[in-house]
Amino acid sequence: MHLPRFIDKIRLHHAGKLHEDYRANFCKGFDGLWLEMTGVNAQQFIEAVKNSITDGEVCDWVLKNANKDDSVKAVHRERMLNYPKKDDAETQVRLKMRKEQAGVAHRDDIQCFVDVIDADEKRL
């Protein structure tokens, strides 16, 4: 679920157009979780994106270089969809801050960072 967003961030970064808000966590956060789950080195993946023209080419590269069991993918998906955990007070504070920054602090249906991203990108 994060791959298209990560590809866009790499392309924007390479073009010098990645928004300042995203620079500090480039290849960290959800990007880093995706890299960890796939076992792909950040620089290798960045080069694959830079050397591609279409998202389809990147997807072909990922299928060739990051083939994981469905069970590994399911664990990763659940990890992302349940972050932060309810008992993680420090990260819950950051979630609250991100919701405020996105103008969705009033929305109780937004329970995780994936929800914040979806709301910010008008999918929720």
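- Contact annotation: the side chain of D115 never approaches that of D109 to less than 4.5 Å [non-hydrogen atoms, C-beta and beyond].
- For the pair D88 and T91, the tightest heavy-atom approach, listed with the atom from each and the gap, is OD2-OG1, 2.7 Å.
- Taking CD1 of I110 as the start and CG of D120 as the end, the distance is 9.5 Å to the nearest 0.5 Å.
- At most 12 non-hydrogen atoms from other residues, nucleotides or ligands lie less than 6.0 angstrom from CD1 of I53.
- W34 has its side chain within reach of V62: a pair of non-hydrogen atoms, C-beta onward, lies under 4.5 Å apart.
- Ion pairing of E78 with K73 is absent here, as no side-chain N (NZ or NE/NH1/NH2) approaches a carboxylate O to less than 4.0 Å.
- By the 4.0 Å N-to-carboxylate-O rule, D8 lies too far from K17 to be salt-bridged with it.
- In this structure the side chain of L95 never reaches within 4.5 angstrom of the side chain of C112, judged on heavy atoms.
- Using a 4.5 Å heavy-atom threshold, the side chains of K99 and K96 count as separate.
- A continuous path of ILVMFWY side-chain contacts below 4.5 Å connects V116 to L81, so both sit in one hydrophobic cluster.
- Residues V49 and F45 form a side-chain contact, since some pair of their non-hydrogen atoms from C-beta on lies under 4.5 Å apart.
- In the hydrophobic cluster analysis, where Ile, Leu, Val, Met, Phe, Trp and Tyr join through side-chain heavy atoms closer than 4.5 angstrom, F6 is grouped apart from M80.
- Smallest separation of non-hydrogen atoms from K68 and G39: CE-N, 4.3 Å.
- Within the 4.5 Å cutoff, the side chain of F30 has heavy atoms near those of the I117 side chain.
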Task: Test side chain to side chain contact (heavy atoms under 4.5 Å, CB included) applied to R5 and Y22, step by step - done: CA-CA 12 Å; R5 182 179 175 86; Y22 297 103; 3.3 Å; yes
TODO: For side chain to side chain contact (heavy atoms under 4.5 Å, CB included), just list the numbers for N82 and Q111, CA-CA rounded to whole Å, side-chain angles, deciding distance to a tenth of an Å, and then say yes or no.
DONE: CA-CA 8 Å; N82 293 299; Q111 297 288 313; over 6 Å; no
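- Counting heavy atoms from C-beta on, the side chains of M37 and L33 never come closer than 4.5 Å.
- In this structure H13 satisfies the side chain to side chain donor-acceptor pair (under 3.5 Å) test with no other residue, sequence neighbours excluded.
- Note: the hydrophobic cluster containing I10 also contains V40 (ILVMFWY, side chain heavy atoms under 4.5 Å, direct or indirect links).
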Task: Stepwise side chain to side chain donor-acceptor pair (under 3.5 Å) check, Q92 with K85 - done: CA-CA 8 Å; Q92 285 290 340; K85 294 187 182 297; over 6 Å; no
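- One distance of note links CD1 of I7 with CH2 of W61; it measures 10.5 Å at 0.5 Å rounding.
- Linking ILVMFWY residues whenever their side-chain heavy atoms come closer than 4.5 Å, directly or via other members, leaves F113 and V93 in distinct clusters.
- Of the possible polar contacts, one joining the R23 side chain to the L18 backbone as a donor-acceptor pair under 3.5 Å is found.
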Open item on the list: Working note: F26 + L12, criterion side chain to side chain contact (heavy atoms under 4.5 Å, CB included); need CA distance, chi angles, decisive distance, verdict.
Closed with: CA-CA 11 Å; F26 184 65; L12 289 168; over 6 Å; no
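- Taking 4.5 Å as the limit, every side-chain heavy atom of S52 sits out of range of all side-chain heavy atoms of E47.
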- [ ] Walk me through it: do E100 and H106 pass the test side chain to side chain contact (heavy atoms under 4.5 Å, CB included)?
- [x] CA-CA 8 Å; E100 290 168 357; H106 63 285; over 6 Å; no
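- Between the N41 side chain and the Q43 main chain, a donor and an acceptor come within less than 3.5 Å of each other.
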